[in-house]
Every structure is written in structure tokens, then in C-alpha cells.
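When reading the values below, keep in mind they use all heavy atoms of this one structure, side chains included, and skip hydrogens, waters and symmetry mates. As the structure is a computational prediction, the values presented were derived from the model and not from experiment.
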Amino acid sequence: MSQRPQAVPTVQVDNDEVIVTEWRFAPGSETGRHCHGYDYVVVPMTNGTLLLETPEGDKHAPLVVGQSYFRKAGVEHNVINASDHEVVFVETEIK
């Protein structure tokens, strides 16, 4: 079990169509391993670097303010803030 602090999710919208969650990551914090059940879009609110622990190995992913990205359902990973500052993004899951 990881000793990292947990990232903080705040659900802003949860209805029949979408779930919109703001994620706040202190330096070194993580989501914990999870598998996405829905397609989703991430909108970075800060710049930073995420470390993604995946079944295929570790990957680094840069975040750029306002540069959104899309992923299909089924993505499995643990997301860790590899930056030395807080990282924030908004995730919209499409039901």
C-alpha cells in the first residue's frame, strides 16, 4: 500500500450524461490505481507533470493549461503529481 498523500476530487456535476470532477494534487499525491469506466476529457487548470503508473510501465505526461485531452474507457493507471507544485485539472467523464 502506498504512503503517498491522496489527490482531492471534488465532484461538480453528476447527472445522466456526465460526471465533472475537479482534481487537486499536492506535490507527490496520487489518485490510487483505478480503471476508467467511461470515456473522459481532461482540462488542465495548471501546468505540471504527471507520473502515470500503468500495467505497461511508468509514463510521464505533461499538463499544459487549457490543452485538453481525451481518453477512452478502460484506461488503467495510478496518477501521481511529479511536479514540485500543486497540479489541478478538471475531468469530464461521458456516460
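Taken together through direct or relayed side-chain contacts under 4.5 Å among Ile, Leu, Val, Met, Phe, Trp and Tyr, Val41 and Met45 form part of one hydrophobic cluster. Both Val75 and Trp23 are members of a single hydrophobic cluster when ILVMFWY side chains are connected at heavy-atom separations under 4.5 Å.
Atom OG1 of Thr31 sits about 7.5 Å away from atom CD of Gln6, to the nearest 0.5 Å.
In this structure Arg33 satisfies the side-chain hydrogen bond (donor to acceptor under 3.5 Å, both in side chains) test with no other residue, sequence neighbours excluded. By the side-chain hydrogen bond (donor to acceptor under 3.5 Å, both in side chains) test, Thr92 pairs with no residue at all, sequence neighbours left out. Contacts of His36 classified as ring-ring contact (aromatic ring centres under 6.0 Å, His included), with partners at least two apart in sequence or in another chain: His34, Tyr40, His77. Scanning for salt bridge (Lys or Arg N to Asp or Glu O under 4.0 Å) contacts around Glu53 gives Arg4, with sequence neighbours left out. Under the side-chain hydrogen bond (donor to acceptor under 3.5 Å, both in side chains) criterion, Glu76 pairs with no residue, sequence neighbours left out.
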Which is it for Val79 and Leu52 under the side chain to side chain contact (heavy atoms under 4.5 Å, CB included) test, yes or no, and what are the steps along the way?
CA-CA 5 Å; Val79 180; Leu52 308 174; 3.8 Å; yes
Side chain to side chain contact (heavy atoms under 4.5 Å, CB included), that's the test. Do Leu50 and Ile80 meet it? Break it down for me.
CA-CA 6 Å; Leu50 300 176; Ile80 303 158; over 6 Å; no
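Taking every heavy atom of both residues into account, Pro27 and Ser83 meet most closely at CB-O, 3.5 Å. Taking both residues in full, the closest heavy atoms of Val88 and Arg24 are given as CG2-NH1, 3.3 Å, listed atom of the first, atom of the second, then distance.
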Name every donor-acceptor pair, under 3.5 Å, that has one atom in a side chain of residues 56-74 and the other anywhere in the protein, sequence neighbours excluded.
| from | atom 1 | to | atom 2 | distance (Å) |
| --- | --- | --- | --- | --- |
| Glu56 | OE1 | Thr54 | OG1 | 3.4 |
| Lys72 | NZ | Asp39 | OD2 | 3.3 |

Under 3.5 Å donor-acceptor pairs involving side-chain atoms of residues 8-21, not counting sequence neighbours:
| from | atom 1 | to | atom 2 | distance (Å) |
| --- | --- | --- | --- | --- |
| Asp14 | OD1 | Lys95 | NZ | 2.8 |
| Asn15 | OD1 | Glu17 | N | 2.8 |
| Asn15 | OD1 | Val18 | N | 2.9 |

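Side-chain atoms of Asn78 come within 3.5 Å of backbone N or O of Gly32 as a donor-acceptor pair.
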